[in-house]
Amino acid sequence: VVAGASVQFLQSALLGQAYGSYVVLLRDEFGWSKTLLSGASALREAESGLTGPLQGWLLDRFGPRRVARSGVVILAIGFMLFSRVQSPLSFYGAFIVMSTGASLMGYLTITFTVVHWFERRRATAISLTSAGFALGGMAVPLTVLALEHFGWRDTAFFSGILVLLVGIPM
């Protein structure tokens with residue numbers, strides 16, 4: 001439960017709830033429209049819905065540990081690609097990679113694990129893992145602080161490293 005909450009916290013603080021912090025900086029640097037930037041967020045939601053059935057099959061076939069570990073690596077690579085974005089096409093490509101990684105390591109995988117581990121107090125366990133996502137939202141100011149001090153590119157790149165360093169052990 002603690003590992004699941006930690007992974008959700010990490011994903012939320014660096015991407016899920018922090019994306020809006022990046023939007024302002026991307027708009028200032030590239031002059032991209034709000035439509036283009038919000039399209040990436042919509043794409044993230046669509047990706048999650050479309051890959052859900054495949055993710056369920058992967059969980060049944062390979063288990064949650066492998067799926068989550070793959071998601072951690074994919075999200076880290078996505079952050080590193082994101083830090084090198086120069087065009088809308090590369091932005092959307094990096095965002096799809098990040099979204100796929102976040103999905104594979106995120107809510108469905110963690111909930112799958114908790115449901116299989118707990119019979120009694122299952123609802124409590126799921127609630128505690130989900131609290132990690134909410135607490136990650138409270139940590140977004142730290143991401144904003146990093147964005148202000150190091151710039152969005154360095155913050156994105158080091159977010160990828162942080163995802164690997166924390167996500168793999170979790």
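Predicted model, so just to flag it, every value in this text is computed and none were measured.
In this structure a side-chain-to-backbone donor-acceptor pair under 3.5 Å is present from Arg153 to Ser83. For the pair Arg69 (side chain) and Met105 (backbone), a donor-acceptor distance under 3.5 Å is absent.
Considering every non-hydrogen atom in both Ala13 and Ala18, the closest pair reads O-CB, 3.2 Å. Pairing each heavy atom of Leu59 with each of Pro64, the nearest pair is CD2-CA, 3.6 Å. The nearest pair of heavy atoms linking Gly137 to Pro141 is O-CD, 4.0 Å. Here the closest non-hydrogen pair linking Met170 and Ala3 is O-CB, 3.4 Å. Contact detail for Ala125 and Val114: the closest heavy-atom pair is CB-CG1, 3.5 Å.
Val67 and Ile77 end up in the same hydrophobic cluster when Ile, Leu, Val, Met, Phe, Trp and Tyr side chains are linked at under 4.5 Å. Under the 4.5 Å side-chain heavy-atom criterion for grouping Ile, Leu, Val, Met, Phe, Trp and Tyr, Phe9 is not connected to Leu142 through any hydrophobic cluster. Phe133 and Val72 fall into different hydrophobic clusters, where Ile, Leu, Val, Met, Phe, Trp and Tyr residues are linked whenever their side-chain heavy atoms come under 4.5 Å apart, directly or through other members. Neither Leu135 nor Leu162 shares a network with the other; the hydrophobic side chains, linked directly or stepwise wherever heavy atoms of I, L, V, M, F, W or Y lie under 4.5 Å apart, form separate groups for each. Both Leu43 and Phe79 are assigned to one and the same hydrophobic cluster, defined by single-linkage of ILVMFWY side chains at heavy-atom distances under 4.5 Å.
In this structure, the side chains of Leu15 and Arg44 come closer than 4.5 Å at one or more pairs of heavy atoms. The shortest distance between side-chain heavy atoms of Ser21 and Thr143 does not fall below 4.5 Å. Side-chain contact between Met80 and Ile161: present, with at least one pair of heavy atoms (C-beta onward) separated by less than 4.5 Å. Using a 4.5 Å heavy-atom threshold, the side chains of Ser33 and Leu36 count as touching. Using a 4.5 Å heavy-atom threshold, the side chains of Val73 and Ile168 count as touching. By the 4.5 Å heavy-atom criterion applied to side chains, Leu58 and Leu104 are counted as neighbours.
Under the 3.5 Å distance criterion, with hydrogens and angles disregarded, no donor-acceptor pair is assigned to the side chains of Ser90 and Gln86. Side-chain contact check for Ser103 and Gln55: no donor-acceptor pair (N or O, by modelled atom type) lies under 3.5 Å. If you check the side chains of Ser38 and Ser41, you find no donor sitting under 3.5 Å from an acceptor.
To the nearest 0.5 angstrom, Leu81 atom CG is 11.5 Å from Ile74 atom CD1. Put simply, CG on Leu75 and CG on Leu10 are 7.5 Å apart, with the number rounded to the nearest 0.5 Å. Here the straight-line distance linking atom CZ of Arg65 with atom OG of Ser70 works out to 13.0 Å at 0.5 Å rounding. To the nearest 0.5 Å, atom NE2 of residue His116 and atom CZ of residue Arg122 are 8.5 Å apart. Between the CZ atom of Phe158 and the CG atom of Leu14 there is a distance of 13.5 Å, given to the nearest 0.5 Å. Once rounded to the nearest 0.5 Å, the distance linking OG of Ser12 with CE of Met138 reads 11.0 Å.
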Please lay out, stage by stage, how Leu37 and Tyr19 fare under the test side chain to side chain contact (heavy atoms under 4.5 Å, CB included).
CA-CA 10 Å; Leu37 292 165; Tyr19 176 65; 3.9 Å; yes
The test is side chain to side chain contact (heavy atoms under 4.5 Å, CB included); show your working for Leu25 and Glu29 and say whether it passes.
CA-CA 6 Å; Leu25 300 173; Glu29 182 171 330; over 6 Å; no
CA sep, side-chain torsions, deciding dist, call: Phe118, Val1, side chain to side chain contact (heavy atoms under 4.5 Å, CB included):
CA-CA 10 Å; Phe118 290 87; Val1 170; 3.6 Å; yes
For Tyr22 and Thr155: C-alpha separation, side-chain torsions, deciding distance, then whether side chain to side chain contact (heavy atoms under 4.5 Å, CB included) applies.
CA-CA 10 Å; Tyr22 280 97; Thr155 300; 3.6 Å; yes
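Within 6.0 Å of CZ on Phe150 lie no more than 12 heavy atoms contributed by other residues, nucleotides or ligands. Surrounding CZ of Arg121 are at most 12 heavy atoms belonging to other residues, nucleotides or ligands under 6.0 Å away.
Ring-plane geometry between Trp32 and Phe30 is classed as parallel, the angle between the planes falling under 30 degrees on a 0 to 90 degree scale with a further cut at 60. Using the six-membered ring where Trp is involved, Trp152 and Phe82 have ring planes that are tilted, between 30° and 60° apart.
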